[in-house]
Amino acid sequence: MHAMQYELTLPADYDMDVIRGRVARVGHVLDDWDGLGFKTYLLRERGVHGSPVNQYAPFYLWNTVEGMNRFLWGGAFQRLADDFGRPEVRQWTGLAYEEGGAAGSPTAVAVRSRRRIPEGAELAAVMEDAVGETRRLAGEDGAVLAAAAVDPHRWELVHFSLWAHDTPKAEGDVFQVLHVSEPGRGALPRGRQW
C-alpha cells in the first residue's frame, strides 16, 4: 500500500466553486482505475473547519506502484499540472489500514495529520503506535476508514481518516470530501503492513 497527496494552495479570494465544478466534471475518471485503492477529492476552504487557506489536496491509497505510476506519467496528472502548475507530490509507505464502523456510508469530511518522528525515537515502537492509532480511529463513531503511512526520507508519519459526519473524532487538517473513487478499496490489505 502506498499513500500519495499533493496540495494546490489557492489565493484567499479564489472561487472554490471552480474546484467543485472540476471534480464534478472529471472525478469519475478514476472510478475504475486499475491499481487504485481509493482517491478522495479533498477541499479546504478558508474559514471552514478552521482552515486558514483555500486548497485542493486529493489523497490516494494505491494498491500497486504500477497504477500510481500510470496515473503520474500516463496523462491524468499532466492535465492537472497543465491547469495549475506541477505540484510537489508527497508519498508515504503504508503502515496500516482499517475499515471503520461507518464503512459504506457517504463520506462528509477527511482528516489528515502529519508529524515528524523525533531523532532517536525507537522506530519499531513509533510504527506500532501508528498502527494502534489507526485501529483507534477506525473504531470511533462515524469513522469510514483510517490509514497510517510513513515517509522515511523526511521521517514523517501521516494519519488519514474519512468520516460520515462533520464532527470527526480525529485531530488534524479537516477537508471537505467532494468525491471518492474507490475501485480497489476492497483489495487494500487490512491491519499492519509488515
Side-chain angles (χ1 to χ4, degrees), residues 1-10 36-63 65 68 72 87-103 107-178 180 182 185 188-194:
M1 181 179 82
H2 305 278
M4 184 179 92
Q5 186 176 38
Y6 47 86
E7 300 171 334
L8 300 173
T9 302
L10 303 161
L36 177 63
F38 68 80
K39 173 183 181 178
T40 52
Y41 296 76
L42 304 178
L43 179 82
R44 289 174 75 197
E45 198 163 7
R46 190 168 185 245
V48 177
H49 296 295
S51 177
V53 297
N54 285 332
Q55 193 174 66
Y56 175 56
F59 190 93
Y60 305 71
L61 278 186
W62 294 95
N63 284 317
V65 172
M68 179 175 64
L72 289 170
E88 219 177 79
V89 178
R90 306 283 307 271
Q91 294 184 34
W92 301 268
T93 300
L95 292 174
Y97 175 78
E98 298 289 349
E99 290 281 313
T107 304
V109 298
V111 178
R112 183 212 55 209
S113 71
R114 296 185 305 215
R115 72 175 176 89
R116 303 269 307 158
I117 300 169
E119 183 67 37
E122 171 71 37
L123 294 176
V126 170
M127 300 314 156
E128 285 298 340
D129 287 349
V131 171
E133 177 64 2
T134 302
R135 284 190 202 110
R136 184 195 73 74
L137 286 170
E140 292 287 353
D141 182 47
V144 173
L145 61 82
V150 62
D151 172 354
H153 174 73
R154 294 182 176 165
W155 291 110
E156 177 186 71
L157 278 174
V158 64
H159 281 280
F160 181 80
S161 51
L162 291 177
W163 300 86
H165 51 68
D166 280 342
T167 54
K169 295 181 179 168
E171 293 185 16
D173 297 322
V174 179
F175 297 85
Q176 300 167 52
V177 177
L178 302 180
V180 179
E182 48 190 1
R185 182 169 153 192
L188 285 167
R190 305 282 167 79
R192 184 178 177 222
Q193 306 288 309
W194 75 95

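All residue numbers refer to positions in the sequence shown, counting from 1.
In this structure, the separation between OG1 on Thr134 and CZ on Arg136 is 10.0 Å, given to the nearest 0.5 Å. One finds the OG1 atom of Thr9 at 9.0 Å from the CG atom of Asn54 (value rounded to the nearest 0.5 Å). Atoms NE2 and CD, on His2 and Gln91 in that order, are 8.5 Å from each other to the nearest 0.5 Å. Atom CD of residue Gln55 and atom CD of residue Gln176 lie 12.0 Å apart, to the nearest 0.5 angstrom. The structure places NE2 of His159 at 8.0 Å from CG of Leu95, a figure rounded to the nearest 0.5 Å. Asp151 CG to Trp92 CH2: the interatomic distance, rounded to the nearest 0.5 Å, is 7.5 Å.
Using a 30° and 60° split on the angle between ring planes, Phe160 and Phe59 fall in the parallel class, below 30°. Between Trp62 and Tyr60, the angle of the ring planes stays under 30°, which puts this pair in the parallel group of the 30/60° scheme.
A donor-acceptor pair is defined here as one N or O able to donate and one able to accept, closer than 3.5 Å; no such pair exists between the side chain of Glu45 and the backbone of Ser51.
Residues Ala164 and Ala102 approach most closely at CB-CB, 4.0 Å, considering heavy atoms. The two residues Met1 and Ala96 make their nearest non-hydrogen contact at CE-O, 3.5 Å. Nearest heavy atoms, Leu137 versus Lys169: CD2-O, 3.7 Å. Taking each heavy atom of Asn63 and Gly37 in turn, the nearest pair found is ND2-CA, 3.6 Å. Considering every non-hydrogen atom in both Leu42 and Tyr56, the closest pair reads O-CD1, 3.2 Å. In plain terms, the two heavy atoms of Ala110 and Leu162 that are nearest each other are CB-CD2, 3.5 Å.
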From CA spacing to verdict: side chain to side chain contact (heavy atoms under 4.5 Å, CB included), Val174, Trp163:
CA-CA 10 Å; Val174 179; Trp163 300 86; over 6 Å; no
Is there a side chain to side chain contact (heavy atoms under 4.5 Å, CB included) between Arg192 and Met127 once you walk through the steps?
CA-CA 9 Å; Arg192 184 178 177 222; Met127 300 314 156; over 6 Å; no
Given the rule in the side chain to side chain contact (heavy atoms under 4.5 Å, CB included) test, do Phe175 and Thr40 qualify, once you have shown the distances and angles that lead to the verdict?
CA-CA 10 Å; Phe175 297 85; Thr40 52; over 6 Å; no
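The side chain to side chain contact (heavy atoms under 4.5 Å, CB included) test with Leu157 is passed by exactly one of Arg116, Arg115, Arg114: Arg115. For the salt bridge (Lys or Arg N to Asp or Glu O under 4.0 Å) with Glu7, the lone residue among Arg90, Arg44, Arg112 that qualifies is Arg112.
Salt-bridge check for Arg154 with Glu88: passed, with a basic side-chain N closer than 4.0 Å to an acidic carboxylate O.
Contact check for Val150 versus Ile117: side-chain heavy atoms found under the 4.5 Å cut-off. Side-chain contact check for Thr93 versus Trp194: every heavy-atom pair is 4.5 Å or farther apart. In this structure, Pro58 and Lys39 have side chains that are in contact, with non-hydrogen atoms separated by less than 4.5 Å.
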